[in-house]
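Notes for the one structure printed next.
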Amino acid sequence: MQHRPPITPFDMLLKQINEKMKNIKYKIVVLSGKGGVGKSFISSMLSLALADLGYRVAILDADIHGSSIPLLLGIEESKIYASEEGIIPAPGPLNTRIIAINLMLPSPDTPIVWRGPLKAKAIVELLAKVAWGENDFLVVDLPPGTGDEAITIVQTIRDVSGALIVTAPSVLSEVIVAKAINFIVKNNIPLLGIVENMSYFKCPDTGKTYYLLGKSTGEELARKYGTKLLARIPFDPLIGEALDAKKPYYVAFPEGEAAKAIRGLAEKIVAILSGNQ
């Protein structure tokens, strides 16, 4: 008679995650090959745009050391707590629901000094213990690169719907995008496409377009790696104003140049995932 190996606590967590993920229709991971391209801005504002389209959206800030989703959504002073149902996400703008390690800390500037295994354990515990409820989308904001957090997410959520790669115009873009795409392909995750952030600046006084970081490389990169350039997000001075006021940019300035581009991005992602594109 063949004996089955004993079920470990980790196996139980994975089972919990699988059950909870069944109640979320689409799971999207947002990543970049390096920092400084505005990945968290895209993750948070895309989530708000999806919610604005009428979808139920949850957000997981998986950037353990550089969590910025709460700040970008204007909920930095909020807290998340445990209940009998599990960890309850913090309420966000447009009825979004947010989970971020930062919202569990005594203050937003408290540093997290964790090694890789502890970070992986924390992410698995969150995925298993959060009362996610029923949602149309779960948007996961990954830290830059392809390290512990990214590996844990893609190996733990077994049915990721797609990955979005955020880049910016620069001579380094090709190498960065190649690494991110290779990571996605290796883990058998559908690639939704590329978003070029900080792509250009449109002067409100003259209407003239300036390429502050250099020539746009998004179309060329997408063509080279067999994917789509889903959006070119412009610089918008109103983003800084929203941050200073501790308000989410998409809600504070829905007619801003970047907000309109992000709304278009959300519509394209919905079309791709629903099979209409």
Side-chain angles (χ1 to χ4, degrees), residues 13 17 20 24 27-32 34-48 50-51 57-83 85-133 135 137-154 156-157 164 166 197 239-240 242-252:
L13 288 174
I17 293 170
K20 292 190 175 187
I24 302 173
K27 280 77 77 175
I28 298 174
V29 295
V30 183
L31 69 157
S32 63
K34 67 182 289 294
V37 298
K39 171 191 51 60
S40 294
F41 173 76
I42 298 298
S43 296
S44 56
M45 297 305 116
L46 170 63
S47 299
L48 294 184
L50 289 168
V57 182
I59 308 166
L60 172 61
D61 187 345
D63 192 342
I64 301 293
H65 299 293
S67 172
S68 55
I69 293 293
L71 175 64
L72 288 161
L73 292 178
I75 63 162
E76 199 176 16
E77 300 304 320
S78 298
K79 296 293 178 186
I80 52 179
Y81 303 96
S83 72
E85 292 80 26
I87 300 170
I88 306 300
L94 303 180
N95 296 316
T96 53
R97 309 171 78 222
I98 297 95
I99 287 291
I101 292 289
N102 247 27
L103 298 180
M104 297 179 176
L105 302 177
S107 66
D109 58 356
T110 302
I112 296 178
V113 188
W114 290 351
R115 294 184 185 275
L118 194 53
K119 291 189 288 184
K121 182 180 178 182
I123 289 173
V124 172
E125 289 273 359
L126 279 177
L127 287 170
K129 301 300 182 184
V130 167
W132 295 106
N135 293 282
F137 286 91
L138 171 64
V139 177
V140 182
D141 182 52
L142 295 173
T146 53
D148 295 297
E149 295 94 328
I151 294 168
T152 301
I153 288 290
V154 300
T156 305
I157 302 177
L164 198 62
V166 180
N197 194 29
I239 295 172
L243 278 171
D244 290 342
K246 297 188 176 181
K247 295 179 180 179
Y249 162 75
Y250 184 88
V251 174

>> On a heavy-atom basis, which atom in Ala51 and which in Leu94 lie closest, and how many Å separate them?
In response: CB-O, 3.6 Å
>> Assess the residue pair Leu126 and Ile99 against the criterion (side-chain contact (heavy atoms from CB on, under 4.5 Å)); give the C-alpha distance rounded to whole Å, side-chain angles, the decisive distance to 0.1 Å, and a yes or no.
In response: CA-CA 8 Å; Leu126 279 177; Ile99 287 291; 4.1 Å; yes
>> With rounding to the nearest 0.5 angstrom, report the OG to CD1 distance, Ser47 to Ile98.
In response: 8.0 Å
>> For Phe41 versus Leu72, what's the shortest heavy-atom pair and its separation?
In response: N-CD1, 3.6 Å
>> Pro93: which residues meet the side-chain contact (heavy atoms from CB on, under 4.5 Å) condition with it, sequence neighbours left out?
In response: Leu48, Leu73, Ile75, Thr96, Pro248, Val251
>> Please determine whether the number of non-hydrogen atoms from other residues, nucleotides or ligands lying under 6.0 Å from atom CG of Asn95 exceeds 12.
In response: no
> CD1/Ile157 to CG/Leu127 distance, rounded to the nearest 0.5 angstrom?
Replying inline: 5.0 Å
> Which pairs with one or both residues in residues 72-83 pass salt bridge (charged side-chain N to carboxylate O under 4.0 Å, His left out), sequence neighbours excluded?
Replying inline: none
>> Quick check against the 3.5 Å criterion: does Lys39 have a side-chain atom that pairs as donor or acceptor with the backbone of Leu142?
In response: yes
>> Please find the pair of heavy atoms, one from Met45 and one from Tyr250, that lie closest to each other, and give the distance.
In response: SD-N, 3.4 Å
>> Testing the basics here: between Ala90 and Ile80, what is the closest heavy-atom pair and its distance to 0.1 Å?
In response: N-CG2, 3.3 Å
> Taking only residues two or more places apart in sequence or in another chain, which ones pass side-chain contact (heavy atoms from CB on, under 4.5 Å) with Asp148?
Replying inline: Lys119
> Can you list the residues that meet the side-chain contact (heavy atoms from CB on, under 4.5 Å) rule with Ala245, with sequence neighbours excluded?
Replying inline: Lys247
> Does any non-hydrogen side-chain atom of Ile123 lie less than 4.5 Å from one of Ile64?
Replying inline: yes
> Is there a donor-acceptor pair under 3.5 Å between the side chain of Trp132 and the backbone N or O of Ile17?
Replying inline: no
> Of the non-hydrogen atoms in Val37 and Ser32, which two are nearest, and what is the gap between them?
Replying inline: CG2-CB, 3.7 Å
> Lys129: what forms a salt bridge (Lys or Arg N to Asp or Glu O under 4.0 Å) with it, not counting sequence neighbours?
Replying inline: none
> At what distance, to the nearest 0.5 angstrom, does CD1 of Ile69 lie from OG of Ser40?
Replying inline: 4.5 Å
>> Please report the interatomic distance CD(Glu149) to CG(Leu60), rounded to the nearest 0.5 Å.
In response: 11.0 Å
>> For the CG atom of Asp141 and the OG atom of Ser68, what is their distance to the nearest 0.5 Å?
In response: 6.0 Å
> When rounded to the nearest 0.5 angstrom, what is the spacing between CD1 in Ile42 and CG in Asn197?
Replying inline: 4.0 Å
>> Any donor-acceptor pair under 3.5 Å linking the side-chain atoms of Ser107 with those of Thr110?
In response: yes
>> Which heavy atom of Val57 sits nearest to which heavy atom of Val139, and what is that distance?
In response: CG1-CG2, 4.4 Å
> What residues form a side-chain contact (heavy atoms from CB on, under 4.5 Å) with Ser67, not counting sequence neighbours?
Replying inline: Asp61, Pro70, Ala100, Asn102
